[in-house]
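Before any comments, here is the structure.
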2 protein chains.
Amino acid sequence: MLTKSSTELVRQRNSVLVLATLRRHGPLAHTEISDHTRLSSATVSAITADLEKAEIIEKSEQQAASGRGRPRVLFRQRRDCGYLIVVIISSDAVQYSLVDYSGKLIDRFSEERSHDPDGAARFVNGVREGLSRVLARSRISQEKVLLISISSKGLVNSSEPVLVWSPIFGSDQIDFELALKPDWKAKVILDNETLLVAAALGAREENVKGADFRSLAALSLGHSIGLGIIRRTSHGGHEVSAPNFGHMLHMANGGLCRCGTRGCIEAYAGFYAILRTAFEVPLDTIPAKFVPVAELDKIAARARQGHRISGFAFRQAGLALGNGLSRVLSLTERMPIAITGPGTRYYDLLRQGIEEGLGQSHMVRMEGMPELRVVADEQILVFEGHLNRALAVIDEDIVVAGVQGGD
Amino acid sequence: MLTKSSTELVRQRNSVLVLATLRRHGPLAHTEISDHTRLSSATVSAITADLEKAEIIEKSEQQAASGRGRPRVLFRQRRDCGYLIVVIISSDAVQYSLVDYSGKLIDRFSEERSHDPDGAARFVNGVREGLSRVLARSRISQEKVLLISISSKGLVNSSEPVLVWSPIFGSDQIDFELALKPDWKAKVILDNETLLVAAALGAREENVKGADFRSLAALSLGHSIGLGIIRRTSHGGHEVSAPNFGHMLHMANGGLCRCGTRGCIEAYAGFYAILRTAFEVPLDTIPAKFVPVAELDKIAARARQGHRISGFAFRQAGLALGNGLSRVLSLTERMPIAITGPGTRYYDLLRQGIEEGLGQSHMVRMEGMPELRVVADEQILVFEGHLNRALAVIDEDIVVAGVQGGD
DNA sequence: GATTTTTTTCTCGACAGTCGAGAAATTTAC
DNA sequence: GTAAATTTCTCGACTGTCGAGAAAAAAATC
């Protein structure tokens, strides 16, 4: 609102709107675009003609003769309009996916992460090599790569692609913009992994509920704890955020966390923390770098058989999560919480603690327990979130930069 | 972005932009409006002509002959374009202010709150009477009142003017929209008091820092604890929120709060909580309804003389605030914290605890201590926040509803 | 006092965008 | 083969912004 509007801006916005509906509903005919966007038929003609001339969309060749009347011509994104590389950084591997402008996966491979000590700098080189390899395998011109969308666990700068803190590299910041600028002219974006999960779940839920959808939180349980929140803004857009939930203070002077601080939520609810409690190791013990899931499965099995201290470890983790979630809800609003990540396999053991922890707060006592649901397939959701966000960014960039010139 | 744009919308936005710059910089000439808004001179002519015809702005009669050349004609809001009633609800009184469209205070009076038990319903009637009285005193037509802007401590619904929870009425919800609809055609908005403080401080700081301003939190200390946050959005607008900070969980199963829950921040940092700790009353004692400030002053005096338990009461309050703030910052970002309200007189005693409480978190250890500042004149800031928000709302409504018809 | 300079405001034509209505295109039904 | 149905395309009207330059009006200069 601080900045002026112009008629050109109207066209830009409406062009992006057309591309967005094309994304959401697949190939559409002139009439359908008009229906979905509420733009007049004449305007749709003008916009599609421009986008077609700019080689962003194309008319679909074959159309099923659906009824009588002049047959529809479907518009769809030109797949060769540009490409997107999705980089998903996880604790043990980095996955590279090449996606075309229509959202179709073209190539994918993973590279194992070397757990070498001289971390960040070397890791960045690895990513640069990985990206080169994507190009080499697919024989796509580097110019055609419009966006590199990266995700990681940890804390991300909201405006620049800088990984501020991560469970892997700690405070060794990584500025991907800086690292990739010499080689790539593509734009680089970086998002927290659980933010993408929330974005994907939010988009799915909005497709079902429509305007009834208000907000949603995604909680990822694993070696570390992630939280993503998506909320509708007043203008009909979405606002997503990835609070530093895992390292929010749970209890002053509490258990020692991997990050070096005491009392973080993760120091109670991360896998290593559950292990520590179950084995009655003192809470100020420097936590294990990595915990095999099999180890935790054993504790879970014992807990399910009624072993007291094992059950307590999970309950305490649940309490930390519940208290933390209650604080998040106090600061935002009541919203459904989707629980995801490898830790969901212990949800039967965590649940009671989570609910108890939530129930200890004013907010939950007053407005009631938020809906808790378990969602599987975190990896798919992360990728889906990447596509949602990245392709929207590309649509916007391509319209802003490219349409006026035409070809 | 979900909705289409049109050329009419462009005019609306730019008209609002003109009105907003007129608000920020006072009466302006054609040229100055053009400079500030970056709209072309011709567009400014068109827009001001429309606004003038619609009786929203007027040409200022007398202008200082500032230099040579054709003298400037200043545009200013027409003061009789419409009126705003500001209602500030505090624990012991309700203040009514009548303000004209230019932001000038016309009339103001306060009515003492009766502390009667049959609370909410009766209180609403009092407000209705108060509003009638404003009209009667000023002889302004009710039609001309465009907006009633109400503020209170407590939790407010973000989309409707409904007081969800307040220290005064507890969970007795008050729907001001519903209560005032029969009598008033004016729009009704309701905001949390500390949110308005944050909004006012944010506007002030942005006037100084310009684009460097990112975000700010206002913390109000008193019988209850309030928090307001203002942040710049990516589009250049502002997002304000008033988290339920006072009743965010500080410590599970902690001290009993006025709200009936255990462990709220207020149950450690509210005035009654400090009193309770200083007198070593058990933490599950039902807290005093109201604490005379003189009582707290005595404790503070003792604390300053080195009395151990009195000092501890303030330190514990500071810790609760600091821990809570650290959690807020974990969920948002590092930002300056402006401390306001009657509790600032004890800031010397609270400070150490607040800083210690902040320092116990990962976020502060990593990014450093946020700037803490004490701000006096909370009442002035509340009113300023009212004006900022309410007049902006009026500008928008008036342009959307009124300009096309003209007179 | 007339003329020039300077500054501000106003006006005009060009251009961009959206919209409604109706023409053109193209298929199915009879 | 013709009518009906349906979709796409095109045209003129309307609204908006912008740049350039004309008009207005005061101070400076001669």
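The sequence lines fix the lettering, A, B, ..., with proteins before strands; numbering per chain opens at 1.
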### Query
Are any of the side-chain nitrogens in B:Arg204 or B:Glu384 under 4.0 Å away from the carboxylate oxygens of its partner?
yes
Which pairs of donor and acceptor atoms, one on a side chain in residues 143-150 of chain B, lie under 3.5 Å apart (sequence neighbours left out)?
residue  : atom : partner  : partner atom : Å
B:Glu143 : OE1  : B:Lys185 : NZ           : 3.3
B:Lys144 : NZ   : B:Asp80  : O            : 3.0
B:Ser149 : OG   : B:His386 : ND1          : 2.8

## Note on the structure
Hits for side-chain hydrogen bond (donor to acceptor under 3.5 Å, both in side chains) against B:Thr31, two or more places apart or cross-chain, chain-then-number order -> none
### Task
List for me each residue that meets side-chain hydrogen bond (donor to acceptor under 3.5 Å, both in side chains) alongside B:Ser159, sequence neighbours excluded, and say none if there are none.
B:Asn157
## Note on the structure
Taking C:dA21, C:dT18, C:dG17 as options, the one with an atom nearest any side-chain atom of A:Ala42 is C:dA21
Nucleotide N/O of nucleotides 7-9 of chain C paired with protein N/O under 3.5 Å:
residue : atom : partner : partner atom : Å
C:dT7   : O2   : B:Arg70 : N            : 2.7
C:dT8   : OP1  : B:Arg72 : NE           : 3.1
C:dT8   : OP1  : B:Arg72 : NH2          : 2.6
C:dT8   : O4'  : B:Arg70 : O            : 3.3
C:dT9   : OP1  : B:Val73 : N            : 3.1
C:dT9   : OP2  : B:Thr31 : N            : 2.9
C:dT9   : OP2  : B:Thr31 : OG1          : 2.4

Polar side chain donor-acceptor pair, [X] to [Y], under 3.5 angstrom:
X	Y	value
B:Glu333	B:Ser215	yes
B:Asn207	B:Arg24	yes
B:Asp107	B:Tyr83	no

### Message
Using C1' atoms of five pairs at each end, report the bend of the helix from C:dG1-D:dC30 to C:dC30-D:dG1 rounded to 10 degrees.
### Response
30°
### Task
Describe, in one word, how the ring planes of B:Phe213 and B:His238 are oriented to each other, choosing from parallel (under 30°), tilted (30 to 60°) and perpendicular (over 60°).
perpendicular
### Task
State, yes or no, whether a side-chain contact exists between A:Met335 and A:Arg214 at a heavy-atom distance under 4.5 Å.
no
### Query
When you check the phosphate oxygens OP1 and OP2 of C:dT18, does a side-chain N or O of A:Asn14 lie under 4.0 Å from one of them?
yes
### Message
With a cut-off of less than 4.0 Å, is there a side-chain N or O of B:Ser40 near OP1 or OP2 of D:dT17?
### Response
no
Could you list all N or O pairs between the protein and nucleotides 1-4 of chain C that sit under 3.5 Å apart?
none

### Task
Kindly compute the distance separating OG1 (A:Thr48) from NE2 (A:His30), expressed to the nearest 0.5 Å.
6.5 Å
### Query
Rounding to a whole Å, what distance do you find between B:Glu8:CD and C:dG17:C1'?
10 Å
